[in-house]
Structures are given as structure tokens and as C-alpha cells.
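Inspection log for the structure reproduced underneath, given as C-alpha cells.
Since the model is a prediction, treat every value here as computed from it, not as a measurement.
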Amino acid sequence: MSFLPKPKLHHPKLPVNALGFTRRDYEGAISTLCAGCGHDSISAAIIQACFELDIEPHRVAKMSGIGCSSKTPDYFLGASHGFNSVHGRMPSVLTGANLANRDLTYLGVSGDGDSASIGFGQFAHSIRRAVNMTYIVENNGVYGLTKGQFSATSDKGSKAKKGAINNDEPIDLVGIALQLGATFVARSFSGDKTQLVPLIKAALRHPGPAFIDCISPCVAFNNHEGSTKSYDFVREHNEAMNQLDVILGRDPISAEYAPGEVREVTQHDGSVLRLRKLHEDYDPTDRVAAMHHLHERKAAGEIVTGLLYIDPEPEDLHHHLDTVAMPLNRLDDAALVPGSAALDKVNAALR
Amino acid sequence: MRSGVTATNDFVVKFANVNGSGSASANQLFAKSILRMGIPIASRNIFPSNIQGLPTWFEVRVSGEGHLGRRGGVDLMVAMNPQTWDRDIAEIDPGGYLLYDSTRPMPASRFRSDINVIGVPLTQICNANYTDARQRQLLKNIMYVGALSALLNIEPPVVEQLLAEQYKGKEKLAKPNRDAFHMGRDWALKNLDCPLGLTLERSDAVGDRIYVEGNAAAALGAVYGGATVCAWYPITPSTSLAEAFERHCKRFRTEAETGRKRYAIVQAEDELASIGIVIGAAWNGARAFTATSGPGISLMQEFVGLAYFAEIPAVIFDVQRAGPSTGMPTRTQQSDVLSAAYASHGDTKQVVLLPEDPRECFDFGASAFDLADRLQTPVFVLLDLDIGMNDWLCEPFAWDDSRQLDRGKVMTAEELEAGRTFGRYLDADGDGIPFRTYPGTHPQKGAFFTRGTSRDRFAKYTEVGSAYADNMERLLRKFDTAKQIVPHPVERPAAQPTRTGVIYYGSSSAAMKEALGQLEADGIHLDAMRIRAFPFHDDVLDFIARHDRVFIVEQNRDAQLRTLIMTEGNVDASRLIPILHYDGTPITARFIRAAVADRASALKVVPFAGAAAE
Ligand SMILES: Cc1ncc(C[n+]2csc(CCOP(=O)(O)OP(=O)(O)O)c2C)c(N)n1
Ligand code: SF4
Ligand SMILES: [Mg+2]
């Protein structure tokens, strides 16, 4: 038995998507984060992306670890199941959930502390295991929830609010994701919704491990002069590689571009990712080049954003494990329990 | 030689081998041939992890009476490893026998005068008959089985039958094995005084019992219990459980039409990820488990607490071993009782099952998933190395085809649509167990946000203290419900009325049963109770109340089950007398008998003389 989604009552003028939902149907509880926190902008972008993709909210599972960032799944997609798990371990919980039901869309939300410090191992292993998911790190270079300690993505030389200087090398999660085989890798900025929304849409449509490192300033503890994750600093140093449009089958092809100006990548589900090249010679399907470029621009002091790498035909964990098409959580007794006759044979061989 | 020990169907043979020399299958052939003669055996592998030359031992206790615990002592040593020669010789009971490869002469000083030495020039015979090096090594093992068949009266057709089964359709492999067996046998018959004082006599004491390892049985239980997701990290002695699950699944869970898998096994990067994967899968409606040992349990603590509070049905097989790091960990112990029962931070109590043998590993392995789903909580199944990694003679596996997997309280889309009230942490019917929904069930109803704590009965965020306390009390009610549905304790009354009892559990069972018989013969009568699960059923406290003193037999140093009984049952410590075995070897009836007799005399426990208990 299936149930037709029944959208909430809403203002008749609010735009609706193909399912008849308004943007409000994708909202969640009221945020309790600080006013101006970058994480809230990312939640808004997730809501917008899901609305535009005509996703059925209840077919999304939202998973997170612990932190201000990990609280946010409560603030979007109120009709989805969510799991606020333990610090740094969202990836394993998401992996298990995905194994149980391959038919849902998995959205993992984490922080830089959650993914680059305590959960660095789980982050890495979920990527290399090719779990079909969208993994967003809301990266503010600081531990927000525990009030302002440096995180492992804090840049060397950046200054804490109380004045301490970070001497440790930062971990660039984008670089790690590229190295470990993520088939969709992007970086964006919570302050740039035009760039972020299409990236989230493309990631949600990507049938493999899709990673987005989203710089998301913490207004309470890391938005001051000397921080490299402040709104001002990121705006000044943002170097966008491309501007993405996600074109679904039904969308009309509108704008015209000069040859060489756009690059289109068709994903497995037929959606087309149109990348307007803002940067010469950047090929987002070349992993090695992407890694090289990343290092080069970093040395030049720039923060590279945009869709940095995509493999349009990825394989995922279920493919590697060769699991059946039916979600494992829907297999019935007949499919699972071998029964007494089989047991008799087992017994006979043990005598 | 005839001055040696004499015994029929009641002795211990120990094989000292070099790891990887192919001895395991020959030793298995020896063990199984005795079983096929209808004589019960108990066999154990001993494999230290840290000694040069990689020695392994295999011990077979032949017991016509059916005692399956370790006996202690060795009547016949088959010494095939020069590196461990001295300690192996030293281990033989006075009057016992030594079988060794006499190809190279040994100085008399390397033997003992109070044992009987039997030399068989195994290498020499092998080299004379085979040219291939690997064949020489492998068949040497079969050859000593041949010699033993002559020395102990193993029936050759039984061995031939076993070889035929093992090499079914591969006569090319069967023949050299058969030949080597007879070569060894014939040499012994011709050159030695056969049989020894130790002899085997066909019996019918085995019945339809099977001979199987606990880990393989538990894994099969997981298949029958409907587990589809297994996440694990290798650790002795639990590794073979996950490996067996894969083997069973290949056989029983491959989709016929496509060849694809109705299961997912992930070798995770560590135990934290293993349990995280299990929790994620179980949250999403699949039956999931992990297999680990003590160190893994330590690493899983935080997650297990989350599963307790978020009420997620995770199954954890803990094959217990001794202590941390390497070496001793390849020995057995029951030392994770407390760390499982109170696993994690915050106020937690976990469901723990305590199987006694592979048959119960299968039963509990399957029912753990029903219990976890029914109770929506983690369930630990505590095996130990002794049960897990040794083949045990036990009742055959059984399954009732009318049995259905109990998925517990899961609210369906239809129920939600019909307007049924859903509160994720709402005690709808007084048993403390709330309803849950699987993600993706219904477009508007039944979704909830899972957190450890800080929420009300409807899963809405709150930090109000009374809401927390309310939830904690409901969890206690749930644990009370658990008491009724976990496996109940099994009582075994003494032959005569007595005010003294004994409580035991898990792999101590076989040795305990044997010891009870011996103690009874000594005039010490004990009512016995085998505990099979935590939380404790009321019968446990009732049993303790009915006795003045209760011995508690455990394989750990700190009397962990005793502690648990004392705290959970408010029992006066002086009434619970610990009998503790913790050197890493499996507990024996000899040990229990001596320890109980010793404590009993100190406590002046006399054979019951008064009137029957009130
Ligand atoms: C095991 C454990 N250790 C420590 C904490 C405390 N803690 C909560 S959130 C957090 C850091 C969060 O940082 P980040 O992931 O960057 O999230 P943000 O708040 O910055 O969004 C820490 C250390 C915890 N919850 N669990
Ligand atoms: S502390 Fe920082 S990260 Fe947390 S809510 Fe406030 S601004 Fe956001
Ligand atoms: Mg942070």
C-alpha cells in the first residue's frame, strides 16, 4: 500500500513543486542556533534543493553526529526521520542505515570537529567504502558547541577569538575526499546560496559518495579579524571554479553559451549538470588534475570552491557487496529463514 | 609397558603439533572416528599467540560417561613438535603414554622413567613411501592416526568412511590418505604391543548429537534469526563467527534467480564503526549484529549507550577472552559480564544472554534478534573462547517452521493513516516498550528525530528534568518486561534436600554437571541453578532465598556475576560464595569439586541431616 503525499495547508500564492509541496513543507523545527550562524543558511539551501528536486521528504533519512552543525537536521525536512547520533560517528550510522534500505536518500550533516577530528576515521572510511550519500561538512574551523576551541580544519596561523594562534597544519577534507575516491567532491560557502543550492541538488542526485565541504562561519566564535573562516575572509579569497546548474529532464534548456564556455555532465539518472566555466581549463572529471589544482590554488592563498570533481558513472557499496535489489529491511521470513529441512542437512553434516 | 594407566572410554589424549603442518585435519579425523564409534568426546584447541615455532595443541577427552568439560591431565601425549617437547613430556600423568616420531634417536635424558614411551618412525616410513615434500608432511599426520587406531582400538572402517566423506568424489585424494592410515596402523600392529591399556569400545552414548563449534552455531542462529547486516572487526576469538555467518549466508541467502545477496557484511575499520553500522541498520529496520571480544566491547561503550537510550535493537556477540593485548587473549574467560551488563555511560542496564554450548549459541543467536526487536534495545550474547572456538558435542539444531520473526512494536503506514497515536517514547500499553516506525513509512506521519536523551514522549526536544526522569522510569519498566521474556534459569535439584545451592552459567556448565555428580558421591548435595540471562528472572532471587548459602561458579577473578546478583537482587554478600577460575584454561570438574569441598568444610556445610526444608 502506498500513500499519496498530502501537502500541508499553505498560502495559495506560495509556489508549489511537481509533488504539490511548497518550500514550507520541507522545513523543520525552529532553529536554536545563533542568529547569523552559517549553518542556518545551509539548512535553508537544503530545503531549497529538496523542494526544487521534488523530493518526497519522508524518503530522506537525515543523519548527523554532535555539534551545532549536527543539530541542524532537526531544522529542515520535518517529515523525514532523523538521527542525531554520537560525536564523529555519523558516517558509520549512515552506512548501516543505507545497507538496510538502499531505496532512501541519505543526507549526512556533520561539522569540522565531527568529521576532521574525532570522526576523521569514519569520514575517511565511509568515503572509501563508496556509500551512496550526500555528506555535508558545515565547516567553521572551530568547535561551536563547546565554545570556540580550534578544530582540525583551522588554518595554520589563524587566530582564535581570544587571541591564540593555531600552529597545527589544517586538514583539507576536500583533498582527503578526492584521494579516497569520493565520486562527487565540492566546496562551497554558506554565504553563496546561488552556488550552494545547485551543488546540494547535484549531490542528492549523485548515486555514490558525494562530499560537500561548506565553509560556514561561526558568528559566535570564529568571525573575527585574523580568522580564515570569517565571512569577510572567505568572500575575499573565494575562487569559484565554476557555476553549476542542475538540469532535470523536464526543465527547458534556456540560455545559450559560447562553445567552450559550458561543460555538461550527464549523471546516471539522466540529470544534466551544466557547469559554466568560470575558470579556464578546469576539467571536473579529472581526479588527479583536481587534486593538483586544489594544492596549487591553496598555495596561492585562495579558497577553491565549486564542483571540483565528478564521476558521472559511480559505483556504490551495494554494488560492491552485490546485495539484492529489494531493500534488506523488507525481506520477509521466507527470504531470510532457511527452515527446518535445511537445518536437518546441517545437522547431518555435523555427525 | 603394561604397567601403564588402564582405562576404557575414559582418558585424555593430547596432540602437540606445529601450526600449519596439516595436523588439524588428522586430529579432527581422530576425534570424529571416536564419535562415530558412539563414544562421547570433548575436544579443545590450545593455540598460544606468541611462542616461536607456532605450536598448537589439540586435546581430546574421551568420556563414555559423556563428560564434556575439560578433565585436566594427559594420559597419552602425541608429541609431534620438538620445540615444545620438554613441557609436553612433563604434562603426562604418571603411568601415561608418549607417542613420538622415533626416526631420529633421542637421548634417554629427554624422557621420563614413569611414563611409557612408544616410538613410531613416522618420518622414516613417510620418506620411504613418498617423494613429494608436502605429501610427506601431510600424510605423516594421517599415519599417526593409523598407529593410534591400532594402539587404542579405533575401528578402521569408521576411519575409511570418514575419509570417503571428506574426499567425496575425489578418490585421488582419498586413496593416499587411506593408504597412509593403514601404513601407520600396520606398522604399529606389527611392531608394538597393541592395544595399550587405554582402549576404545564401541558404545551408543552419542545418539543424534552433533559436533560443532559455538561460533559457527551462533552465526547460523543469526541467519535463522533473520540478520541481514553484519559489521565486524577481526579479533580472536570472535573472527570465526563473522566468517561462519558469511559461509552460511552464501549457502542460504543467495537469491536463486540473480545470484545476488540477501545480506551485507562489512569488515569495518574498527569496533566503533562496526557497532555504528549495526545501530544505523537496526534503526532502519534491518536485523543487524556485530561479533567481537572484550577489547571491542570496551570500544563500543559510547554507542551501546546511545542504542540503549535511543532504543535501537542491536545484537552483539561477545566471544570472551582473557584480558587485553596478545598472548593470554587466546585463552578463555567469562570476564565481560559486568562490562556488558552495565555497558556505557549514564544509567544503563543491558540484556545479556549466556549460552552453555553451541546448541544454545544457535538458539540464543536466533532469539537475540527477536528479543532485541521486541525490547528495542541492545542484546549481548556472551560466548567465550572455549565454546566459541572448539567443537562441542551437543543436541542437534532444531527449528519450528511455524515460528515467525517477531519484529516487535513497529507501527505501519496503515495504522498511522488510520489515525493511531504515535509517540516514539510513549508507553502505549504499560510494558515500557514504545512503538517505533521505520524511516520512509508515511509521507506525513510517524517521522521522528532520534536522539540519545533530551526529548519528550513524542520525541520533541526538551531539556526538562521531569521528562528525562519519566523516560528513565519507563526504561526500567521495559527492563522489567525483559525479565519475563529472556531465557529463564534452569534448575537442577540435588538428590537430597539441601540448604546449599550453586549458581553457574555459560561454558562452566559441562564441568559443573560433572562436579555435581562427584560432590554428590562425596556426600555434598547442592541444588544447582544455571543462569541463562540478565536481567535475572525472579526465580534466581527465589533460589537464593531458599538456600542458606549459594556458591557462584565463574571463570573470572572478580566474581562478576556475583556482583551483579548482589546489586540487582540486594543479596547479602556473605550468602554468595565465589568459586573462581581465571588462569585462562577452561574450568574443570576437578577444580570445582576441590574448591567447593574446601569452602564447604570451612563453612561446615554437612550432608543434610535435619528435616526437609520448611
Ligand atoms: C565523545 C564526545 N566527546 C566530546 C563531546 C563534546 N563535543 C560536542 S560538540 C563538539 C565539537 C563540535 O564541533 P564541530 O563538529 O565543528 O561542530 P560545530 O559546533 O562547530 O558546528 C564536542 C567536542 C561529545 N559530544 N562527545
Ligand atoms: S556557536 Fe557558532 S556554530 Fe554554534 S550556533 Fe552559534 S554561530 Fe553557529
Ligand atoms: Mg565546527
Legend entry - Nearest-0.5 Å distance that lies between atom CZ in A:F211 and atom OG1 in A:T134: 11.5 Å
Legend entry - Contact leader toward chain B among A:N329, A:L336, A:V346, A:D344, where contacts are heavy-atom pairs under 4.5 Å: A:L336
Legend entry - Side-chain donor/acceptor of B:T462 to backbone N/O of B:R455, under 3.5 Å: no
Legend entry - Most chain B-contacting option - heavy-atom pairs closer than 4.5 Å, from A:P338, A:A100, A:P91: A:P338
Inset, instruction - Could you tell me whether a side-chain N or O of B:E311 sits under 3.5 Å from a main-chain N or O of B:Q376, the two making a donor and an acceptor? - result: no
Legend entry - chain A interface, residue from B:A268, B:A264, B:P439, B:A227 that has the most non-hydrogen pairs under 4.5 Å: B:P439
Legend entry - Aromatic centroids of B:F397 and B:Y224 separated by under 6.0 Å: no
Inset, instruction - Run the salt-bridge test on B:R403 and B:D370 with the 4.0 Å N-O cut-off and return the result as yes or no. - result: yes
Inset, instruction - With a 4.5 angstrom heavy-atom cut-off, could you sort out which part of B:L306 is near chain A: side chain, backbone, both or neither? - result: side chain
Inset, instruction - Go through the steps to decide whether B:Y461 and A:T32 satisfy the test side-chain hydrogen bond (donor to acceptor under 3.5 Å, both in side chains), and finish with yes or no. - result: CA-CA 11 Å; B:Y461 189 80; A:T32 59; over 6 Å; no
Inset, instruction - Classify the angle between the aromatic ring planes of B:F448 and B:F422 as parallel (below 30°), tilted (30 to 60°) or perpendicular (above 60°). - result: tilted
Legend entry - Shortest non-hydrogen contact from A:H320 toward A:R129: ND1-O, 4.4 Å
Inset, instruction - Identify which part of B:D208 has an atom lying under 4.5 Å from any heavy atom of chain A, answering side chain, backbone, both or neither. - result: both
Inset, instruction - Provide the closest heavy-atom pair for B:F309 versus B:Y425 in the form atom of the first, atom of the second, distance. - result: O-CE2, 4.4 Å
Legend entry - Region of A:A29 in contact with chain B, defined by heavy-atom distances below 4.5 Å: neither
Legend entry - Atom of A:R23, atom of A:E27 and distance for their closest heavy-atom approach: NH1-OE2, 3.4 Å
Legend entry - Region of B:V266 that comes under 4.5 Å of a non-hydrogen atom in chain A: side chain
Legend entry - Pi-cation contact, B:F303 with A:R89 (under 6.0 Å, within 45°): no
Inset, instruction - Quick one: do B:C394 and B:F362 satisfy side-chain contact (heavy atoms from CB on, under 4.5 Å)? Show the steps, please. - result: CA-CA 11 Å; B:C394 64; B:F362 172 79; over 6 Å; no
Legend entry - Exercise: identify the closest heavy-atom pair between B:R260 and A:T323: NH2-O, 2.8 Å
Inset, instruction - Side chain from CB out, backbone as N, CA, C, O: work out which of these in A:P57 comes under 4.5 Å of a heavy atom of chain B, or both, or neither. - result: neither
Inset, instruction - Examine whether an atom of A:M63 lies under 4.5 Å from a heavy atom of chain B, and if so say whether it belongs to the side chain, the backbone or both; otherwise answer neither. - result: side chain
Legend entry - Structural part of B:L393 lying under 4.5 Å from a heavy atom of chain A: neither
Inset, instruction - For the pair B:E269 and A:R128, find out whether any cationic side-chain nitrogen is under 4.0 Å from an anionic carboxylate oxygen. - result: no
Legend entry - Which of A:L328, A:L99, A:L343 touches chain B most, by non-hydrogen pairs under 4.5 Å: A:L343
Legend entry - Per-residue contact mode, A:L331 against chain B (heavy atom under 4.5 angstrom): side chain
Legend entry - Quiz item: cation-pi between B:R420 and B:F435, 6.0 Å / 45°: yes
Inset, instruction - Sort B:R262 into side chain, backbone, both or neither according to what part of it lies under 4.5 angstrom from a heavy atom of chain A. - result: both
Legend entry - A:S85, part contacting chain B, at a heavy-atom distance under 4.5 Å: both
Legend entry - Under 4.5 Å from any heavy atom of chain A - which part of B:K32: side chain
Legend entry - Which atom of B:V223 lies closest to which atom of B:R253, heavy atoms considered: O-NH2, 2.9 Å
Legend entry - Region of B:I312 that comes under 4.5 Å of a non-hydrogen atom in chain A: side chain
Legend entry - Region of B:A288 in contact with chain A, defined by heavy-atom distances below 4.5 Å: neither
Legend entry - Closest approach of B:R247 to B:A216 (non-hydrogen atoms, all atoms of both residues): NH2-CB, 4.3 Å
Legend entry - chain A contact via B:Q267 - which portion, at a heavy-atom distance below 4.5 Å: backbone
Legend entry - Part of B:A231 within contact of chain A (heavy atom distance under 4.5 Å): neither
Legend entry - Lys/Arg-Asp/Glu bridge criterion (N-O < 4.0 Å) met for B:R436, B:D373: yes
Legend entry - Region of B:R287 in contact with chain A, defined by heavy-atom distances below 4.5 Å: neither
Inset, instruction - Using non-hydrogen atoms and a 4.5 Å limit, figure out which bit of B:T412 sits close to chain A: side chain, backbone, both or neither. - result: neither
Legend entry - Residue-level interface, residues 274-286 of chain B with chain A, non-hydrogen cut-off under 4.5 Å: B:G276, B:I277, B:I279, B:G280, B:A281, B:W283, B:N284, B:G285, B:A286
Inset, instruction - Just give me the residue among A:K62, A:H87, A:R59, A:H81 that pairs up with chain B most often, heavy atom to heavy atom, under 4.5 Å. - result: A:H81
Inset, instruction - Look at A:A349, A:G121, A:P327, A:P73 and state which one has the largest set of heavy-atom pairs under 4.5 Å with chain B. - result: A:P73
Inset, instruction - Under 4.5 Å heavy-atom distance to chain A, tell me which part of B:Y263 shows up: side chain, backbone, both or neither. - result: backbone
